[in-house]
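Working notes, beginning with the structure itself.
Since we're looking at a predicted model, the values are computed, not measured.
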Amino acid sequence: MGYNKTLFKKAGLDPEKPPQTFGEVLKACEKILAAKAAPKCITWPLHSWFVEQWVAEQGALLANNENGRAARATDVYINSQAVRRVATWWKELYDKGYYAYSGKLEDWDGANQIFVSQQAAMLITSTSDVTFHQTAAFENKYELGTGFLPIPDGVERNGTVVGGASLWLTKGHSQREMEAALTFLLWFTNTENMVRWHKGTGYFPVLETSVKVLEWQRWFQRNPAYRAAFDQLLQTKVNRATQGALIGPFPEVRTIIEEAIQSILQGTPVDQALQRADQRADQVLANYNRSVRR
């Protein structure tokens, strides 16, 4: 979570203590709007990825068979208590005028613009945007802060699902091509390049040696906005929830979740929207599983 320390001060909030829970976000939003520090309080793209993170933070699963990791998933848990907690809070934020988004699904740029233009004091987004937001804060004359993803009240923090772009070696190539690809991957992910990649984007480097170099350079002391992502992931518990779900038709399932959230924001009761989405997702999953059965 990124937040505007300048607007926090204007609202009488402690700029060094961002909200940690859903309830704390609501209380902070009330103060921000009451002080007219910003027209809205918080923004993030309407994307299933955030639902998935909040489900993992609760130690819950998004699919059966241990999130599809013990065996192929056959049931998606959209109508779960974990998802209902997220959807209900999201709806409350929206109804109170605290949450803002562009109205489009998966509009990362739209959410970024709302935050950068200081129309909202808080933003939940990818770690890969830290460099962008640090630069934007300097250009727009406000101070950027970062904190952990807020979690539901009364829930023990479980951790987040690692994400971002991935590099893969696929079979079916000649030995020469495989060795060339391996050489490239080893170079691309070496210590020096991971340090450069992290500084240029905010993405988490994949090597401990890169982290040691960054700490030796006092990078985090000079650039504290990058620290929260490290601490959040390093404190994450390793279990099926934080490993994330493996679902064959995941892009379709994500769209179904996003459409359910949008319908909730537009007035459909939470239970009704999630039940309908759950049925749609299970049907999509069943169709997929039939298509790949051997």
Consider only side-chain heavy atoms of I, L, V, M, F, W and Y, link residues closer than 4.5 Å, and tell whether Leu233 and Leu214 are in one cluster.
yes
Any donor-acceptor N/O pair, Gln275 side chain to Asp271 backbone, under 3.5 Å
no
May I have the step-by-step check of salt bridge (charged side-chain N to carboxylate O under 4.0 Å, His left out) for Glu143 and Lys9, ending in yes or no?
CA-CA 10 Å; Glu143 188 179 359; Lys9 292 176 185 176; 3.8 Å; yes
State whether the number of non-hydrogen atoms from other residues, nucleotides or ligands found under 6.0 Å of Glu215 atom CD is greater than 12.
yes
Is there a path from Leu144 to Ile124 through hydrophobic residues (I, L, V, M, F, W, Y) whose side chains come within less than 4.5 Å of each other?
no
Are any side-chain N or O atoms of Thr127 and backbone N or O atoms of Ala229, one a donor and one an acceptor, separated by less than 3.5 Å?
no
Are the aromatic rings of Trp108 and Phe50 close, with centres under 6.0 Å apart?
yes
Under the side chain to side chain contact (heavy atoms under 4.5 Å, CB included) criterion, do Gln262 and Leu105 qualify, and how do the steps go?
CA-CA 8 Å; Gln262 189 157 53; Leu105 303 183; 3.4 Å; yes
Determine, using the 4.5 Å side-chain heavy-atom cutoff (strictly less than), whether Val116 and Phe138 are members of one ILVMFWY cluster.
no
Gly23 backbone acceptor or donor facing Asp153 side chain under 3.5 Å
yes
Greater than 12 external heavy atoms within 6.0 Å of Glu208's CD
no
Between the side chains of Gln235 and Asp231, is a donor N or O closer than 3.5 angstrom to an acceptor N or O?
no
Kindly determine whether Lys237 and Glu156 satisfy salt bridge (charged side-chain N to carboxylate O under 4.0 Å, His left out), including the steps that lead there.
CA-CA 11 Å; Lys237 299 174 184 177; Glu156 183 178 349; 2.7 Å; yes
Take Met1 and Thr146, measure what side chain to side chain contact (heavy atoms under 4.5 Å, CB included) needs, and give me the verdict at the end.
CA-CA 6 Å; Met1 185 178 76; Thr146 58; over 6 Å; no
Regarding Arg222 and the six-membered ring of Phe220, is the cationic atom NZ or CZ under 6.0 Å from the ring centre and inside 45° of its axis?
no
Salt-bridge present (Glu57, Arg85; N to O < 4.0 Å):
no
Assess the residue pair Thr74 and Asn64 against the criterion (side-chain hydrogen bond (donor to acceptor under 3.5 Å, both in side chains)); give the C-alpha distance rounded to whole Å, side-chain angles, the decisive distance to 0.1 Å, and a yes or no.
CA-CA 7 Å; Thr74 59; Asn64 69 341; 2.7 Å; yes
What residues, two or more places apart in sequence or in another chain, satisfy ring pair (Phe, Tyr, Trp, His ring centres under 6.0 Å) together with Tyr226?
His198, Trp219
Any donor-acceptor N/O pair, Asn79 side chain to Asp278 backbone, under 3.5 Å:
no
Mind telling me whether Trp197 and Phe188 have parallel, tilted or perpendicular rings, with 30° and 60° as the class edges?
tilted
Does some side-chain heavy atom of Tyr77 sit less than 4.5 Å from a side-chain heavy atom of Leu62?
no
Would you please test Trp54 and Trp49 for ring pair (Phe, Tyr, Trp, His ring centres under 6.0 Å) and show each step?
CA-CA 9 Å; Trp54 278 313; Trp49 178 235; over 10 Å; no
Any side-chain heavy-atom pair from Trp187 and Thr183 closer than 4.5 angstrom?
no
4.5 Å side-chain heavy-atom contact, Val25 and Leu93:
yes
Is the closest side-chain donor-acceptor distance between Gln217 and Lys199 under 3.5 Å?
yes
How about Thr135 and Glu139: does a side-chain donor come under 3.5 Å of a side-chain acceptor?
no
Flag yes if Met122 and Leu265 sit in one hydrophobic cluster, no otherwise; membership is Ile, Leu, Val, Met, Phe, Trp, Tyr, and two members link when side-chain heavy atoms are under 4.5 Å apart.
yes
Indicate yes or no for a side-chain donor-acceptor contact from Ser210 to the backbone of Thr191 under 3.5 Å, with no hydrogens or angles considered.
yes
Taking the side chain as C-beta and beyond, is there a heavy-atom pair between Gln58 and Gln81 under 4.5 Å?
no
Salt bridge flag under 4.0 Å for residues Lys96 and Glu92:
yes
Any donor-acceptor pair under 3.5 Å from Asn67 side chain to Leu61 backbone
no
Are Phe8 and Leu33 in one and the same hydrophobic cluster, where Ile, Leu, Val, Met, Phe, Trp and Tyr link if side-chain heavy atoms are under 4.5 Å apart?
yes
Decide yes or no for Gln118 and Tyr142: does some side-chain heavy atom of the first lie under 4.5 Å from some side-chain heavy atom of the second?
yes
Taking side chain as C-beta onward, heavy atoms only, is Tyr101 less than 4.5 Å from Asp107?
no
In a check of side chain to side chain contact (heavy atoms under 4.5 Å, CB included) between Leu123 and each of Asn4, Ile114, Asn112, which one passes?
Asn112
With a 4.5 Å heavy-atom cut-off, do Phe115 and Thr125 have their side chains touching?
no
For a side chain to side chain contact (heavy atoms under 4.5 Å, CB included) check, start with the C-alpha distance between Asn190 and Leu186, then their side-chain angles and the critical distance, and finish with the verdict.
CA-CA 6 Å; Asn190 67 25; Leu186 291 175; over 6 Å; no
Just checking, is any N or O donor in the side chain of Ser126 or Asp129 under 3.5 Å from an acceptor N or O on the other one?
no
Taken to the nearest 0.5 Å, the spacing of Glu24 CD from Ile151 CD1 works out to 9.5 Å
For Leu7, what are the other residues in its hydrophobic cluster, where any two members join if their side-chain heavy atoms are less than 4.5 angstrom apart?
none
Side chains of Gln243 and Arg240: do they bring a donor and an acceptor to under 3.5 Å?
yes
What I want to find out is whether Arg254 reaches Glu106 closely enough, with some N-O distance under 4.0 Å, to be called a salt bridge.
no
For side chain to side chain contact (heavy atoms under 4.5 Å, CB included), just list the numbers for Lys31 and Lys10, CA-CA rounded to whole Å, side-chain angles, deciding distance to a tenth of an Å, and then say yes or no.
CA-CA 10 Å; Lys31 289 187 177 182; Lys10 187 176 179 180; over 6 Å; no
Test item: Tyr3 side-chain N/O and Pro15 main-chain N/O as donor-acceptor pair under 3.5 Å:
yes
Without hydrogens or angle criteria, can the side chains of Gln134 and Asn223 be said to hold a donor-acceptor pair below 3.5 Å?
yes
Are the side chains of Val161 and Glu52 in touch, meaning some heavy atoms are under 4.5 Å apart?
no
